[in-house]
Protein chains: 2
Amino acid sequence: MVKIQSSETASNARGKDEGRASRRRGAELESALLEAAWEELKAVGYESLTMEGVAERAGTSRTVLYRRWPSRLELVLAALRHRGLVRTGTVPNTGSLREDVLALLRLVSDRVSEVGPQNLSALLSGVFADTGATAAVEDHFMNHNADVMEIILKRAADRGEIRGDISTRIATLPVDLVRHELLLARTPSSKLDIIEIVDAVFLPLVLTQKQA
Amino acid sequence: MVKIQSSETASNARGKDEGRASRRRGAELESALLEAAWEELKAVGYESLTMEGVAERAGTSRTVLYRRWPSRLELVLAALRHRGLVRTGTVPNTGSLREDVLALLRLVSDRVSEVGPQNLSALLSGVFADTGATAAVEDHFMNHNADVMEIILKRAADRGEIRGDISTRIATLPVDLVRHELLLARTPSSKLDIIEIVDAVFLPLVLTQKQA
DNA sequence: ATGTTAAGATGCAAGTTGTACCCTAAGGAG
DNA sequence: CTCCTTAGGGTACAACTTGCATCTTAACAT
C-alpha cells in the first residue's frame, strides 16, 4: 500500500493557521475525520483501508478514531453517510410517460456518474461490507424510486395514456434495471440502454396491461 | 476471533491414518484447502477470515495457500467456485417455456442461498473492493445466463410457443431481476417473486413479441 | 537406487489492531 | 483572572497478520 502524504491536512491539524485554535474539536473534527475516511476509501479501496491510514490522512491519531467508531467498517459507513448521497425527490413532468421515465432514468444515471467508477466500487464495497446493514444507506442509494414512479404513472393514467393499476414490480422495473447495470458494470447505463429499457421492456408492459 | 481447533483435520494431515500417505498432494490437498476455506468463511465471515486461520483449519501452512492463491480474496472466491457456486451449464428442459425459466431461476436462487446472507455480503464486499476486478469472478457469479436462456428460448420457439428473435435484453431479464434482488436484499428471491418475474414481466414481453 | 517436485514447517520484517496511558489545548464556570 | 473538566493528540505495547525466504523431507517418477 502506497502511503499518501497529505501535507495540507497535517498542517491544518497542527495549528498553522492564524487566529484559529490549533486543535480541531467536535463537529469540525468529526467532519474532517469522515472526509479523510472517504478520501482514503477512494484512494485504496475498502480492502486495503486501515485505521492507521485514515488517521494519518486526517492528521490525527487512531485513538481519536476509535473514540467514535469501533471498527473500520463503522468508520467507512459513517463516511458514506457523511457524503450525503441522497435522492432528490425530483419528479419529471414532461407530459408524456415515455419522456418522464426517460428523464428519471437519466437523472438517476447522471447522479451516479458524478461518483466515478473507482469511487463507485469503493462505495459498493462499503455498502456490502456492512453485515448489519444500515437501512439509511440502502434507502438513499438503492431505493426503488417507487414513490416517484407512482406519481409519474398516476399522471400518465390521468392523461389516459395507461390504466391506473400498474403493479409495483413493473412500476419499479426501469430504475431496477438501471441500478442492476450499475451494480454489474459499475458505470451508469448508456443513453441507448436507457432508451431500450423504456421502449423494449417498460412501455410494452404498461401498454399491454392497458390493452388487456 | 475465536480459533476453532479442528483436531480431525489436523490428524489427517499429519499421517495418523494407516495404509495412507502422510502428506496430501495435488487435487486432494487442494480440495481440502478449499473446503477449509469454506468452513472458515462460514465460521468467522469474510471480514475476519485470515490466511493463517484457513491454513490452521486445513492442517497446513500458509505457504501452501500462497502457492496457489495470491490473496485471501482469491482463496475465498476459489472456495466458492469449489463449492459449485458456478453456473452449472444445466439447461432445464420441461417442455414449457414458463417452467424452464422458473426452473432456471430457482436453480440460480437455490445455489446462492447456500452461501448465507452474511457471507454473501462479505463476498460482494470483497468483489467490489477489488478495484481490478477479476473477470472470471464476475463471469461466474454475475453472468447473465444468456447462453442458457438462448437454449431455452430456442426450444420454446421450436415448440411454437414464441417467435425466434427475442432480444438479449429481454432474454436475460429474468436472471437480471433475480440477481438484482439478490444484490439489494442479499437474500435470494422468494418463490412468489420468481413467479411474479416470470408471469408478470417476462412472459408478457415474449408473448407480446410473438403476437406482434 | 537416484532425482525431482511439492508439502509442510519455521523464521523474519513490516505492518495493523486494540488498548492503556500520558500530556495538554480548549472551553466553561466561577 | 484562576481552576477544573473534557477531549484532542501522541506514544508504547502485546498480539496478531501478512508476505516472503528458506529449509527439510515425503511422495512420486524413472
Side-chain angles (χ1 to χ4, degrees), chain A residues 1-4 6 9-34 36-37 40-41 44-76 129, chain B residues 1-4 6 9-37 40-41 44-76 126 129:
Chain A
M1 188 179 85
V2 180
K3 290 288 181 79
I4 298 161
S6 180
T9 307
S11 67
N12 282 345
R14 302 213 185 117
K16 299 302 196 306
D17 298 334
E18 297 175 358
R20 249 200 73 162
S22 62
R23 281 185 185 178
R24 298 156 302 182
R25 275 177 86 87
E28 179 197 1
L29 174 63
E30 189 152 316
S31 180
L33 296 178
L34 293 172
E40 189 73 6
L41 184 64
V44 306
Y46 180 75
E47 192 76 16
S48 302
L49 180 140
T50 64
M51 298 299 267
E52 181 65 41
V54 174
E56 222 174 282
R57 185 177 285 265
T60 189
S61 67
R62 285 176 288 124
T63 310
V64 178
L65 295 180
Y66 280 113
R67 282 194 188 122
R68 292 164 171 75
W69 302 286
S71 68
R72 67 174 191 147
L73 176 57
E74 295 292 334
L75 170 59
V76 167
Chain B
M1 188 179 86
V2 181
K3 291 287 181 80
I4 298 162
S6 180
T9 307
S11 68
N12 282 345
R14 302 209 185 116
K16 299 301 193 326
D17 296 333
E18 299 175 359
R20 249 198 77 162
S22 61
R23 281 185 184 179
R24 298 155 302 182
R25 277 179 83 89
E28 179 197 359
L29 172 66
E30 189 152 314
S31 180
L33 297 178
L34 293 171
E35 199 59 32
E40 190 72 5
L41 181 66
V44 306
Y46 178 74
E47 193 75 16
S48 303
L49 178 140
T50 63
M51 299 298 267
E52 181 64 43
V54 173
E56 221 174 281
R57 186 178 286 266
T60 188
S61 67
R62 286 177 288 126
T63 311
V64 178
L65 296 179
Y66 280 113
R67 285 194 186 123
R68 291 164 173 74
W69 302 286
S71 68
R72 66 174 192 146
L73 177 58
E74 295 292 336
L75 170 61
V76 167

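The figures that follow rest on heavy atoms only: side chains count, while hydrogens, waters and symmetry mates do not. Just so it is clear: chains get the letters A, B, ... in the order the sequence lines come, proteins before strands, and each one is counted from 1.
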task = Could you check Leu34(B), Val54(B), Val76(B) and say which one makes a side-chain contact (heavy atoms from CB on, under 4.5 Å) with Trp69(B)?
result =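 Output: one option passes, namely Leu34(B).
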
Return no unless some side-chain N or O of [X] is found under 4.0 Å from OP1 or OP2 of [N].
X	N	value
Arg68(A)	dA7(D)	no
Thr63(B)	dA21(D)	no
Thr50(A)	dG15(C)	no
Thr60(A)	dG9(D)	yes

Figure out the [atom1]/[atom2] separation between [X] and [N], and round it to whole Å.
X	N	atom1	atom2	result
Arg62(A)	dG15(C)	CZ	P	13 Å
Leu75(A)	dG18(C)	CG	C1'	15 Å
Leu29(A)	dA26(C)	CG	C1'	13 Å
Arg24(A)	dA25(C)	CZ	P	16 Å
Glu74(B)	dT18(D)	CD	P	15 Å
Glu56(B)	dT17(D)	CD	P	9 Å
Glu28(A)	dG27(C)	CD	P	9 Å
Leu65(A)	dG10(D)	CG	C1'	13 Å

What's the separation between atom CE in Met51(A) and atom OG in Ser71(A), rounded to the nearest 0.5 Å?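 Reported to 0.5 Å precision, the distance equals 7.0 Å.
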
Discussion item. Please check this pair: side chain of Arg72(B) against backbone of Leu49(B), looking for a donor-acceptor N/O pair closer than 3.5 Å.
Written reply: yes

Between Leu33(B) and Arg67(B), is the side-chain contact (heavy atoms from CB on, under 4.5 Å) condition met? List the steps.
CA-CA 12 Å; Leu33(B) 297 178; Arg67(B) 285 194 186 123; over 6 Å; no

Quick one: on DNA chain C, does Leu33(B) or Arg72(A) contact a more 5' nucleotide (nearest heavy atom)?
->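 Going by which nucleotide is closer to the 5' end, it is Leu33(B).
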
inquiry  = Whether the side chain of Arg25(A) and the base of dG27(C) hold a donor-acceptor pair under 3.5 Å is what I'd like checked.
reply    =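 Answer no: no donor N or O sits under 3.5 Å from an acceptor.
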
Would the base of dA7(D) count as contacting Arg67(A) through its side chain, where contact means a donor and an acceptor less than 3.5 Å apart?
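For Arg67(A), whose side chain was compared with the base of dA7(D), there is no donor-acceptor pair (under 3.5 Å).
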
On a heavy-atom basis, the closest approach of Ala55(A) and Arg62(A) is CB-N, 3.8 Å

Side chain of Ser61(B) - closest among dT10(C), dG8(D), dA26(D):
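Out of dT10(C), dG8(D), dA26(D), the nucleotide with an atom closest to Ser61(B)'s side chain is dT10(C).
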
